[in-house]
Amino acid sequence: RHFRNHYTLSCLTTIWLQDANGSLPSHKKVTVVFVLGGPGSGKGTQCANIVEHFGYTHLSAGDLLRAEIKSGSENGAMIQNMIKEGKIVPSEVTIRLLQRAIQESGNDKFLIDGFPRNEENRAAFESVTGIVPEFVLFFDCSEEEMERRLLSRNQGREDDNIDTIRKRFKVFLESSLPVIDYYDSKGKVRKIDATKPIEEVFETVKALFTPLSDKVKLYSCSPLGDNQFRCGWFGQKIKSGEGLSRCCLM
């Protein structure tokens, strides 16, 4: 099934971090969330919210490539030349930069923004790292809504004109739909309505990032007296021994 006119996805998984040679020197267990989004889909805002509320480290594939160029390394020179020639930087190069950033961080939870952008990226990532995402978080947002947001945000960006915006939509659709379809075929897509206000979108996102232990506390039973409890899950009164175990003590 194709999700047309919808442009944001992320993939949540836990991995054992590998080094550049594919070995496992540090046994650093990390949680990685891939975040992709069409222009105006709100991924930057949601990444910032996730970082603030859940302590993730935000890694941008584009920022890592630009930082490597500025470093003056031989690898950076190669990346710069490819970009100047309008070529796509090899997936393996970006993957190595992401792995290095994760390894050097003191954190164990990461948002990877802007990767994978296409099927080749996705396949290379799985091949190099051996990682299979647990699920895909798909932000469902129409082209019309994203266009409205981009034209109204007034950030002074040269690419925020109607012609360029529509070209970016087209490129994103063509490159990212195969990635979305692939994960959907595996039953891993979890869709969220991203056309809603920022706060409402994040409430939905937050539920997926909240640890199970916290959710159990949220829906725990509260005592009412006379050996009765208010079930936090069903909202009904339950007498001790008459379903309390099946409802709240499972």
Side-chain angles (χ1 to χ4, degrees), residues 3-15 30-64 98 101-102 105-117 122 131 133-155 157 159-160 165 168-169 172-173 176-177 179-180 183-184 187-220 232-233 235:
F3 294 101
R4 299 203 175 275
N5 292 334
H6 307 90
Y7 305 94
T8 307
L9 64 93
S10 65
C11 314
L12 175 65
T13 186
T14 300
I15 68 172
V30 299
T31 297
V32 172
V33 178
F34 293 134
V35 182
L36 294 181
S41 60
K43 66 171 183 172
T45 299
Q46 295 303 328
C47 280
N49 284 336
I50 295 169
V51 167
E52 179 182 356
H53 286 79
F54 297 100
Y56 280 70
T57 293
H58 183 201
L59 299 177
S60 165
D63 287 348
L64 290 174
L98 289 168
I102 292 172
S105 171
N107 202 353
D108 61 355
K109 300 186 296 184
F110 302 89
L111 299 177
I112 298 181
D113 180 5
F115 191 91
R117 288 187 177 275
R122 180 203 62 75
I131 298 168
E134 293 184 9
F135 67 87
V136 173
L137 180 62
F138 180 68
F139 290 90
D140 185 10
C141 194
S142 69
E143 181 174 326
E144 293 75 17
E145 173 62 18
M146 288 189 290
E147 182 176 302
R148 184 193 66 77
R149 293 176 182 177
L150 289 174
L151 293 176
S152 64
R153 70 184 183 182
N154 192 27
Q155 293 183 348
R157 288 173 48 169
D159 57 354
D160 280 354
I165 286 171
R168 291 162 65 197
F169 286 159
F172 192 88
L173 258 183
S176 293
L177 267 182
V179 178
I180 299 171
Y183 285 119
D184 184 52
K188 293 179 176 288
V189 175
R190 308 290 185 268
K191 186 170 66 171
I192 289 179
D193 184 358
T195 62
K196 295 181 179 180
I198 294 173
E199 295 77 10
E200 291 185 33
V201 172
F202 185 59
E203 283 301 313
T204 308
V205 172
K206 188 161 58 175
L208 294 171
F209 281 84
T210 300
L212 179 60
S213 58
D214 290 347
K215 292 179 181 178
V216 171
K217 293 178 183 178
L218 178 63
Y219 293 111
S220 62
W233 185 269

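Any value given below was found using the heavy atoms of this structure, including those in side chains, with hydrogens, waters and symmetry copies removed.
- The nearest pair of heavy atoms linking Ser105 to Thr57 is OG-OG1, 4.0 Å.
- Taking Arg117 as the reference, nothing meets the salt bridge (charged side-chain N to carboxylate O under 4.0 Å, His left out) condition, with sequence neighbours excluded.
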Worked check of side-chain contact (heavy atoms from CB on, under 4.5 Å) between Ile112 and Leu98: CA-CA 8 Å; Ile112 298 181; Leu98 289 168; 3.7 Å; yes
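- Across Leu64 and Ala101, no two heavy atoms sit closer than the pair CD2-CB, 4.1 Å.
- The two atoms that bring Gln46 and Val205 nearest to each other are OE1-CG2, 4.1 Å, heavy atoms only.
- Ring to ring, Phe209 and His53 are not that close: their centroids are 6.0 angstrom or more apart.
- Residues Leu150 and Phe169 have side chains in contact (heavy-atom distance under 4.5 Å, counting atoms from C-beta outward).
- A distance of 10.0 Å separates NZ in Lys206 from OG1 in Thr204, rounded to the nearest 0.5 Å.
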Take Thr31 and Tyr56 through the side-chain contact (heavy atoms from CB on, under 4.5 Å) test and state the conclusion after the steps. CA-CA 9 Å; Thr31 297; Tyr56 280 70; 3.8 Å; yes
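- For the atom pair NZ of Lys196 and CD of Glu203, the computed distance is 11.0 Å after rounding to the nearest 0.5 Å.
- Residues Cys141 and Thr195 approach most closely at CA-CG2, 3.9 Å, considering heavy atoms.
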Stepwise side-chain contact (heavy atoms from CB on, under 4.5 Å) test for Tyr183 and Arg122: CA-CA 10 Å; Tyr183 285 119; Arg122 180 203 62 75; 3.4 Å; yes
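- Taking CG of Asn49 as the start and CZ of Phe202 as the end, the distance is 4.5 Å to the nearest 0.5 Å.
- When all heavy atoms are compared, the tightest approach of Leu208 to Ile192 is CD1-CD1, 3.9 Å.
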Apply side-chain contact (heavy atoms from CB on, under 4.5 Å) to residues Glu147 and Glu144 and explain how you reach the verdict. CA-CA 5 Å; Glu147 182 176 302; Glu144 293 75 17; 5.7 Å; no
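- Although no hydrogens or angles enter the test, the distance criterion places a donor-acceptor pair under 3.5 Å between the side chain of Ser152 and the main chain of Arg149.
- Between atom CD1 of residue Ile165 and atom CG of residue Leu151 there is a gap of 4.0 Å, rounded to the nearest 0.5 Å.
- Checking side-chain atoms of Asp113 against main-chain N and O of His58 turns up no donor-acceptor pair under 3.5 Å.
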